[in-house]
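Just so you know, these numbers use all the heavy atoms, side chains as well, and skip hydrogens, waters and symmetry mates. Keep in mind that this is a model prediction, so the values were computed, not measured. For the single chain, residues carry numbers from 1 onward in sequence order.
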Amino acid sequence: MAIPSLIKTSGTQTSIVPICFNTGGLWDMANGNFLTRYDGSGFIINGGISPTNGLGGRYERFKSTIAISMVIQSMERYPGSELYLYDTEYSHTDRRRLASFSTLYLEDPVRREQHILELMERIIIKNPSDFQNIDEFMAFINDEVIKPKDEKRKLFMIPTPLINEQTHKQRMELAPTFVIIDSWSAGKTKAGMQAASAPDASDSANNMQYVRDSGAKNTTLARMLHASPRYGLYFFLTAHVREKMDLAGGGPMAKPRKDLQNMKANEKVNRVGSDYLFLVNSNWQVDNSSFLVNKNDKGSEYPFTDRATSVNEFSEVSLGTTRGKRKGSGDKFMVVVSQNNGVSGYLTYLELLKAHKYYGLGTDPNRPRLAFFPDIIIQRKRTHDILQPNYALRRALEITAQLCYFQHYWTAPGNIELPFDITPEDLAHRLELSGKKDEVMRSRGWWSYDFEDIPYYSLFDILAIVKDIPPLGSDKKK
């Protein structure tokens, strides 16, 4: 008996899921997935900045720096994208410092300077001196961003490498506008402020302030989810994490329950709205941080050679995904944060490889060298001098780190036949034999609607290149 299809009869189509914008860092692997390009020519990593993002942690854990780094490092890859930052704590005054969180053009100081100046023009910082509360700021976003983009949508449309599941053609999207609220916990709402200023400011009135504040933030979060796909807005909220307290006893809760599987039972994200953890697409949490200090000379682990380097300049920060709606959650890795330049991509990659038994860095920890460039020793005290001017070497480091991350934190897809268990040494060997090493080493691993002069190869694309090439040592077995 054949049952008629209501879907086919009605012609109802599935909804289009919002796309992510890459950052070029491990974030893309941490919350993304690999999808086939619209023309079937390869794969892209659909990860990085989701429509709604949260990052929580205790005080002095580089939450703001990490969040802004992620957004800046996405902005730089998508020309025309802009950032509106609502600074609820009066922490950000220098747009140049934020723009310098960029990871592009490290090998070309002149071009990098032009790039930073151009980025600065795409950053707007607002604080409570302009808008007393989140409601006023969001009204500003509605007037200055949503309405203009909606009225002139065609001017803001950009091509993506994905397929439109409804038209089966190349998918078009609105260029991204990034909105950061730093911090969401400290940000006030109109309803909360009105409750706090009530004449009967008793304990019960104070409790009502938090209730109304929570409700208002829930409403705003729901509106963000609605606005993101319709108007190309991508929100990033930072939040404070604190210990759960027993309201009756006044101390820490004796037997708290976890708010999320990958959060500690005794921790909660504070003053964010009761629906916060359910409404953000991706949620990150910073657990610990420590200065990167060399155990022998007690100086910075990665000093600059052309200027003095504070022992506190670089920190290693433990970052985990507590919620992810694409790849899943539970990953935890270390990122390297500079006090002055934000998250360092190449130092983060390097520390990841060292943490996994010097994965892809050779057999001598004192003389680490990448399998793709075995003649170049990455000396600790000259790390910046060696990596910054050499784009190909940084790209090799990125590919090695992505392979390491995939093999330690991913479950390989069962419907794609690629050599997912390949060693970095074997990958370097096969890529050399393919004749495409030079092209891959000058490529980029993040998708964009620009930068067409730079070839694009995702990790899966590179694995596809070497799939049918004999592995390292196969000639000896014969």
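- The number of heavy atoms from other shown groups lying within 6.0 Å of CZ (R367) does not exceed 12.
- R369 places a side-chain N or O within donor-acceptor distance of the main-chain N or O of P374, the cut-off being under 3.5 Å.
- Side-chain N/O atoms of Y349 and Q402 include no donor and acceptor closer than 3.5 Å.
- When every heavy atom of V317 is checked against every heavy atom of S289, the shortest pair comes out as CG2-CB, 3.9 Å.
- For the pair K217 (side chain) and W184 (backbone), a donor-acceptor distance under 3.5 Å is present.
- For K437 and Y457, the positive end is not near the middle of the six-membered ring at less than 6.0 Å and at most 45° from its axis.
- Across all their heavy atoms, F420 and A412 have their closest contact at CD1-CB, 3.7 Å.
- Judged by the 6.0 Å and 45° rule, K169 forms no cation-pi pair with Y38.
- Without hydrogens or angle criteria, N22 side chain to I45 main chain gives a donor-acceptor distance under 3.5 Å.
- Between R122 and E118 there is a salt bridge, since a side-chain N of the basic residue sits under 4.0 Å from a carboxylate O of the acidic one.
- K436 contributes atom NZ, which lies 11.0 Å from atom CD1 of I462 (distance to the nearest 0.5 angstrom).
- The shortest non-hydrogen separation linking F304 to T309 is N-OG1, 2.8 Å.
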Side-chain donor-acceptor pairs under 3.5 Å in residues 382-393, sequence neighbours left out?
{"unit_1": "T383", "atom_1": "OG1", "unit_2": "Q379", "atom_2": "O", "d": "3.0"}
{"unit_1": "T383", "atom_1": "OG1", "unit_2": "R380", "atom_2": "O", "d": "2.9"}
{"unit_1": "H384", "atom_1": "ND1", "unit_2": "Y346", "atom_2": "OH", "d": "2.6"}
{"unit_1": "H384", "atom_1": "NE2", "unit_2": "Y302", "atom_2": "O", "d": "2.9"}
{"unit_1": "D385", "atom_1": "OD1", "unit_2": "T305", "atom_2": "OG1", "d": "3.2"}
{"unit_1": "D385", "atom_1": "OD2", "unit_2": "T305", "atom_2": "OG1", "d": "2.5"}
{"unit_1": "Q388", "atom_1": "NE2", "unit_2": "Y346", "atom_2": "OH", "d": "2.9"}
{"unit_1": "N390", "atom_1": "OD1", "unit_2": "A392", "atom_2": "N", "d": "3.3"}
{"unit_1": "N390", "atom_1": "OD1", "unit_2": "L393", "atom_2": "N", "d": "3.0"}
{"unit_1": "Y391", "atom_1": "OH", "unit_2": "S443", "atom_2": "O", "d": "2.6"}

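- Between F291 and F314, the ring center distance fails the sub-6.0 Å criterion.
- In this structure, the side chain of S74 does not engage the main chain of T23 through any donor-acceptor pair within 3.5 Å.
- Counted by atom type alone, T238 and S183 present zero donor-acceptor pairs between their side chains at under 3.5 Å.
- The aromatic ring centroids of Y78 and Y234 lie 6.0 Å or more from each other.
- Residues S50 and S282 approach most closely at OG-OG, 2.8 Å, considering heavy atoms.
- Residues H356 and H408 meet the side-chain proximity criterion, which asks for heavy atoms closer than 4.5 Å.
- For the 3.5 Å distance criterion, the side chains of T423 and D426 fail to qualify, holding no donor opposite an acceptor.
- Separation of atoms CG (L83) and CZ (F236) is listed at 11.5 Å; rounding is to 0.5 Å.
- Rounding to the nearest 0.5 Å gives a distance of 4.5 Å between OG1 of T52 and CG of L225.
- Here F21 and W447 bring their ring centres to under 6.0 angstrom of each other.
- A salt bridge links D287 to K332: at least one charged side-chain nitrogen sits closer than 4.0 Å to a carboxylate oxygen.
- Residue F137 forms a ring-ring contact (aromatic ring centres under 6.0 Å, His included) with just one option from F235, Y84, Y86, and that option is Y86.
- L119 has its side chain within reach of M75: a pair of non-hydrogen atoms, C-beta onward, lies under 4.5 Å apart.
- The residues E398 and R444 are annotated as not salt-bridged, no charged nitrogen and carboxylate oxygen being separated by less than 4.0 angstrom.
- S318 and N288 share no donor-acceptor pair across their side chains, judged by distance under 3.5 Å alone.
- Identified under the salt bridge (charged side-chain N to carboxylate O under 4.0 Å, His left out) test for residues 33-50, with sequence neighbours left out: R37-D39.
- Side-chain polar atoms of T103 and E76 form a donor-acceptor pair below 3.5 angstrom.
- With respect to R394 and E107, a salt bridge is recorded, a charged nitrogen being found less than 4.0 Å from a carboxylate O.
- With hydrogens and angles left out, the side-chain atoms of E313 and S338 include a donor and acceptor closer than 3.5 Å.
- A salt bridge (charged side-chain N to carboxylate O under 4.0 Å, His left out) check over residues 80-94, counting only residues at least two apart or in different chains, returns nothing.
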